[in-house]
Amino acid sequence: MNKLIYLDNAATTRLKSEVFDVMKPYFCEKYGNPSSIYSFADDSKAAVDKARNQIADLIGAKDNEIYFTAGGSESDNWALKATAEAYKSKGNHIITTKIEHHAILHTCQWLERQGYEVTYLDVDENGLVKLDELKKAIKPTTILISIMAANNEIGTVEPLAQIGKIAKENKILFHTDAVQAFGHININVDEMNIDMLSASGHKIHGPKGVGIMYIRKGVKIGSFVHGGAQERKRRAGTHNVPSIVGMGQAAQIAKENLEEYTKNVSKLRDHLIERIENEIPYSKLNGDRKNRLPNNVNFCFRFIEGESMLILLDNKGICGSSGSACTSGSLDPSHVLLAIGLPHEIAHGSLRLTLSDETTLEEVDYTVDELKKIISRLRSMSPLYEDFIAKEA
Ligand SMILES: *Cc1c(COP(=O)(O)O)cnc(C)c1O
């Protein structure tokens with residue numbers, strides 16, 4: 001196979017051409033600033049309003065509860081920092097989990113340096129939050145629960161409705177980093193009692209550098225980026241109209257395709273999982289089998305270094321990712337794999353393959369065929385593996 005096989009859709013996705021088409025006019029023709037008065041800007045303003053509606057529609061929100069940002073990381077920072085600031089007279093305690101994205105974890109660490117107290121909940125061996133531990137962690141000073149909707153590494157989908165119920169019963173705000181879940185699984189902010197939600201354009205075949213925060217009416221958090229009066233004075237900065245339009249269109253397509261996406265992509269996912277489990281010995285699936293994103297596959301292979309596997313896959317035109325050493329720029333393996341209880345040496349041998357509705361069965365099969373060869377080759381060079389096999393025999 002000569003073409004690129006892109007199996008890293010959790011890192012970013014290909015912009016769909018239907019999305020690009022609706023963005024195009026907003027670069028060189030309809031370039032007016034939506035905040036301007038003259039009628040030339042009306043098209044831009046209407047386009048931003050339409051995108052807001054398309055996005056609200058996907059999560060069961062009202063249009064005026066959607067705020068455009070420059071991406072998932074900004075929305076996460078905004079939710080945590082602005083809630084901490086706005087509710088500090090009520091308390092200084094925040095609850096999150098050990099498996100959050102760094103946009104949440106590093107923001108929490110920053111808040112700790114500002115005097116806030118953060119509880120990082122453990123998860124079970126599949127990456128699921130333990131609801132009884134969440135309940136136990138709540139204090140009179142708790143102002144926010146921030147728990148991701150679905151994990152970006154292992155694909156585990158958290159019990160959002162139950163978390164939302166606990167938050168509501170205790171009158172605590174509930175924020176969810178839904179960057180991986182938005183447009184990939186069903187989310188309804190009312191049914192799940194979600195008060196704030198972060199999402200990003202480029203994880204749903206939309207453009208990079210645009211995201212949203214959903215803020216339920218009545219949540220009193222202030223502005224994060226100060227300046228002009230855009231976004232009902234809550235997020236300054238001239239609207240990134242082409243990207244906003246693109247994210248709106250991507251959200252609409254995701255909504256229309258959700259059922260088919262779930263069916264087709266999870267079938268491919270299960271095929272990929274089944275083949276690896278049947279054909280590659282000493283492999284272990286990470287993440288929950290049932291409560292899992294339709295497009296996520298994550299395995300650990302014993303006696304393998306994730307980085308070497310990625311390089312050899314790349315030589316075959318296959319893009320994957322690993323929670324191992326070099327990719328993350330540190331010597332520690334992924335915090336998520338450690339949190340689900342994997343020992344260091346096993347966590348180092350992880351491989352994440354994330355599919356999209358553009359992935360084909362042929363690509364998946366080719367990937368497994370190549371992966372099998374790569375793993376045998378790497379193991380044949382491993383003295384640890386040799387010793388292990390000698391002992392097994
Ligand atoms: C990608 C991602 C983010 C960051 O979103 P950006 O738009 O890239 O800033 C945050 N959280 C999760 C779970 C993600 O997967």
Side-chain angles (χ1 to χ4, degrees), residues 6-15 19 51 55 59 66-81 96-110 120-121 123 127-129 146-158 160 163 175-185 187 194 196-214 224-225 235 237 240 243-244 246-248 250-251 254 286-288 291-298 319-323 327-328 334-337 339-340 352-356:
Y6 185 76
L7 298 179
D8 202 14
N9 287 280
T12 197
T13 57
R14 192 181 76 85
L15 188 88
V19 172
I55 288 163
I59 55 172
I66 303 296
Y67 296 82
F68 287 108
T69 66
S73 300
E74 183 190 319
S75 300
D76 284 345
N77 271 262
W78 183 12
L80 297 182
K81 292 175 181 172
T96 186
T97 77
K98 288 189 177 158
I99 61 164
E100 299 295 312
H101 189 272
H102 285 130
I104 295 288
L105 288 179
H106 290 165
T107 305
C108 283
Q109 286 158 14
W110 183 85
Y120 300 89
L121 294 174
V123 293
L128 287 165
V129 168
S146 179
I147 294 180
M148 70 198 323
N151 184 269
N152 46 303
E153 289 189 34
I154 57 174
T156 301
V157 175
E158 300 297 341
L160 288 190
I163 297 166
H175 165 257
T176 186
D177 173 347
V179 173
Q180 290 290 334
F182 178 79
H184 292 262
I185 56 170
I187 293 186
I194 296 166
M196 286 173 274
L197 175 147
S198 308
S200 175
H202 75 104
K203 305 277 174 85
I204 58 162
H205 301 277
K208 296 169 180 57
V210 64
I212 58 110
M213 178 125 94
Y214 156 79
F224 182 59
V225 176
R235 203 285 188 175
N240 180 353
S243 292
I244 288 172
M247 183 171 177
N286 297 315
D288 199 88
N291 303 299
R292 186 177 199 98
L293 286 173
N295 71 338
N296 176 289
V297 174
N298 188 312
C319 308
S321 118
S322 169
T327 30
S328 56
S334 137
H335 65 284
V336 176
L337 297 178
I340 60 172
R352 179 186 72 182
L353 299 170
T354 41
L355 321 179
S356 81

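Whatever order the structure lists them in is the order used to number ligands and atoms, beginning at 1.
For Asp288 and Thr156, the side-chain atoms include no donor-acceptor pair closer than 3.5 Å. Looking only at atom types and distance, the side chain of Ser146 has no donor-acceptor partner in the side chain of Thr96 under 3.5 Å away. With hydrogens and angles left out, the side-chain atoms of Thr13 and His202 include no donor and acceptor closer than 3.5 Å. Side-chain contact annotation: Lys81 with Thr107, donor-acceptor N/O pair under 3.5 Å absent. Remark: the Asn296 side chain and the Thr354 side chain contain no N/O donor-acceptor pair separated by less than 3.5 Å.
Close contacts between ligand 1 and Ser200 involve ligand atoms 6 (P), 7 (O) [criterion: under 4.0 Å to a heavy atom]. Close approach to Asp76 involves these atoms of ligand 1, each under 4.0 Å from a residue heavy atom: 10 (C), 11 (N). Near Asn152, meaning under 4.0 Å from one of its heavy atoms, ligand 1 places the atoms 13 (C), 15 (O). Of all atoms in ligand 1, numbered sequentially from 1 with element shown, those under 4.0 Å from a heavy atom of Gly72 are 5 (O), 6 (P), 7 (O), 9 (O). If you number the atoms of ligand 1 from 1 as listed, the ones under 4.0 Å from a heavy atom of His202 come out as 6 (P), 7 (O), 8 (O).
Here the CD1 atom belonging to Ile187 is positioned 6.5 Å from the OG1 atom belonging to Thr176, to the nearest 0.5 angstrom.
Residue contacts with ligand 1 for Lys208 are absent, since no atom lies close enough (heavy atoms, distance under 4.0 Å). Neither the backbone nor the side chain of Glu74 comes within contact range of ligand 1; no heavy atom lies under 4.0 Å.
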Run the numbers on Met213 and Phe68 for side-chain contact (heavy atoms from CB on, under 4.5 Å), then give the verdict.
CA-CA 7 Å; Met213 178 125 94; Phe68 287 108; over 6 Å; no
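Taking only non-hydrogen atoms, the option from Ala181, Ser73, Gly71 nearest to atom 4 (C) of ligand 1 is Ser73. For atom 13 (C) of ligand 1, the nearest non-hydrogen atom from the set Val210, Asn77, Asp177, Ile104 comes from Asp177.
Atom 3 (C) of ligand 1 has its closest protein heavy atom at His101 NE2, 3.5 Å.
Considering backbone and side-chain N/O atoms, Lys203 comes within less than 3.5 Å of an N/O atom of ligand 1.
Note: Trp78 and Tyr67 have perpendicular aromatic rings, judged against thresholds of 30 and 60 degrees for the angle between ring planes.
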